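Here is the structure we will look at, set down as structure tokens.
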Amino acid sequence: MKFRYAMVCSSNQNRSMEAHFLLKREGFDVCSYGTGAHVKLPGPSLREPNVYDFGTPYKQMFEELRRKDSELYKRNGILPMLKRNAGVKSAPQRWQENASDGTFDVVFTFEEKVFDMVIEDLHNREHVLMKPVLVINLEVKDNHEEAAVGARLTLDLCQELEVTDSWEDNIDNILSTFERQNRRKLVYSISFY
């Protein structure tokens, strides 16, 4: 694969990790991140989320939630999700703290506010390399079913990008074809490292 990819959602749990899992399995050079202040997972009610710091190991979250209410967190898919995540990497990472991970060629976000945060962060960084980075937002609802669909669509788009000689020259055509075929609206921007 010729490009390096980043998958970004709010908590680096569901949408970004489903895409990370699938792309990694297909041999892509991929990392994933969240942009939120904390990692939030559903709790027993909407007003009682489980909140963790970025960097808290997925295995630790799994064990804590299994002890709290194994049936609830199995039923709502949180325990299987955390198990999958632990098989991909050790802990959720925050986008705004990823500078030491190097540069990416393409960044996918799965929510407009996350897209805006990534663009803002990239614009605030020092642009010393003047290396372009393509940032694409594919809107995906934050549930397990939609995350799986979003990951497959992301894989399709990454495969299209991989076969083009120059994404800079062909991006409009690639994205408009994707939008037409999948009936999904994409937003993109180009920033620099």
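Note that the coordinates shown come from a computational prediction; the quantities given were computed from them, not determined experimentally.
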- Message: Is the shortest side-chain heavy-atom distance between C158 and V106 below 4.5 Å?
- Response: no

- Query: Under 3.5 Å, side chain of N170 to main-chain N/O of N173, donor-acceptor pair present?
  - Reply: no

- Item | Sub-4.5 Å side-chain heavy-atom contact between L155 and Q159 | yes

- Message: According to a hydrophobic-cluster definition based on side-chain heavy atoms being under 4.5 Å apart (Ile, Leu, Val, Met, Phe, Trp, Tyr only), do M81 and Y73 belong together?
- Response: yes

- Minimum-distance pair of heavy atoms, taken over all atoms of A19 and F110: CB-CZ, 3.9 Å

- Counting only heavy atoms not in L129, do more than 12 fall under 6.0 Å of its CG? yes

- Do side-chain atoms of E179 reach the backbone of L186 as a donor and acceptor pair under 3.5 angstrom? yes

- With a 3.5 Å cut-off and no angle check, do the side chains of Y52 and Q60 form a donor-acceptor pair? no

- Are E111 and D142 side-chain neighbours, meaning at least one heavy-atom pair lies under 4.5 Å? no

- Ignoring hydrogens and angles, tell me if any N or O in the side chain of R84 forms a donor-acceptor pair with the backbone of F21 under 3.5 Å. no

- Message: Would you compute the distance between atom CD1 of I78 and atom CG of N50 and round it to the nearest 0.5 angstrom?
- Response: 8.5 Å

- Item | N/O donor-acceptor pair under 3.5 Å between K89 side chain and S32 backbone | yes

- In this structure, OG1 of T154 is separated from CZ of F108 (nearest 0.5 Å) by 5.5 Å

- Query: Quick one: ring-ring contact (aromatic ring centres under 6.0 Å, His included) partners of Y193, sequence neighbours excluded?
  - Reply: none

- Query: Are L72 and P44 side-chain neighbours, meaning at least one heavy-atom pair lies under 4.5 Å?
  - Reply: yes

- Query: Parallel, tilted or perpendicular: which describes the rings of F104 and W95, with under 30° parallel and over 60° perpendicular?
  - Reply: tilted

- Task: Answer whether the closest heavy-atom distance between the side chains of T109 and D116 falls below 4.5 Å.
- Result: no

- When you look at CD of E126, are more than 12 heavy atoms from neighbouring residues, nucleotides or ligands closer to it than 6.0 Å? no

- Identify the heavy atoms of G55 and A91 that sit nearest to each other, and give their distance. O-CB, 3.5 Å

- Task: Hey, could you give me the CG/CD1 distance between L157 and I136, rounded to the nearest 0.5 Å?
- Result: 5.0 Å

- Query: Out of curiosity, E18 CD to M7 CE, how far, rounded to the nearest 0.5 Å?
  - Reply: 12.0 Å

- Query: How long is the span from the CG atom in N12 to the CD atom in Q93, to the nearest 0.5 Å?
  - Reply: 6.5 Å

- Does atom CG of D165 have more than 12 heavy-atom neighbours, drawn from other residues, nucleotides or ligands, at distances under 6.0 Å? no

- Note on the structure: Of all heavy-atom pairs linking T35 and V114, the shortest is OG1-CG2, 3.6 Å

- Query: Which word best sums up how the rings of H123 and H127 line up, parallel for under 30°, tilted for 30 to 60°, or perpendicular for over 60°?
  - Reply: perpendicular

- Looking only at heavy atoms, what is the nearest atom pair of R4 and D101, with distance? NH1-O, 2.9 Å

- Side-chain contact, heavy-atom cut-off 4.5 Å: V133 with T103? no

- Message: Between V140 and V8, is there shared hydrophobic-cluster membership here, with clusters defined by ILVMFWY side-chain heavy atoms closer than 4.5 Å?
- Response: no

- Verify the cluster assignment for V39 and M17: are they in a single hydrophobic cluster under the rule of side-chain heavy atoms below 4.5 Å apart? yes

- Item | Flag, side chain of H20 to backbone of Y33, donor-acceptor distance under 3.5 Å | no

- Message: As a quick check of understanding, evaluate side chain to side chain donor-acceptor pair (under 3.5 Å) for Y5 and E162, giving each step before the final call.
- Response: CA-CA 11 Å; Y5 297 88; E162 286 289 326; 2.8 Å; yes

- Query: Has the side chain of R94 got a donor or acceptor atom that lies under 3.5 Å from a matching backbone atom of G36?
  - Reply: yes

- Message: With clusters defined by side-chain heavy atoms of hydrophobic residues (ILVMFWY) lying less than 4.5 Å apart, directly or transitively, does V107 cluster with F178?
- Response: no

- Which pair of non-hydrogen atoms, one from N137 and one from F115, has the smallest distance, and what is that distance? CB-CD1, 3.6 Å

- Message: For a 4.5 angstrom cut-off between non-hydrogen side-chain atoms, does T56 reach E64?
- Response: no

- Message: How about NZ on K2, more than 12 heavy atoms from neighbouring residues, nucleotides or ligands closer than 6.0 Å, or not?
- Response: yes

- Message: Is it the case that over 12 heavy atoms from other parts of the model lie below 6.0 angstrom from the CD atom of E112?
- Response: no

- Query: Is a salt bridge present between R125 and D121, judged by a nitrogen-to-oxygen distance below 4.0 Å?
  - Reply: yes

- Can you tell me if NE2 on H144 sees more than 12 non-hydrogen neighbours from other groups inside 6.0 Å? yes

- Query: Same cluster for W167 and L153 if Ile/Leu/Val/Met/Phe/Trp/Tyr side chains link at under 4.5 Å?
  - Reply: yes

- Task: Can you measure from CG (L23) to OG (S16) and round to the nearest 0.5 angstrom?
- Result: 11.5 Å

- Query: Do the non-hydrogen side-chain atoms of D105 and K131 ever get within less than 4.5 Å of each other?
  - Reply: yes

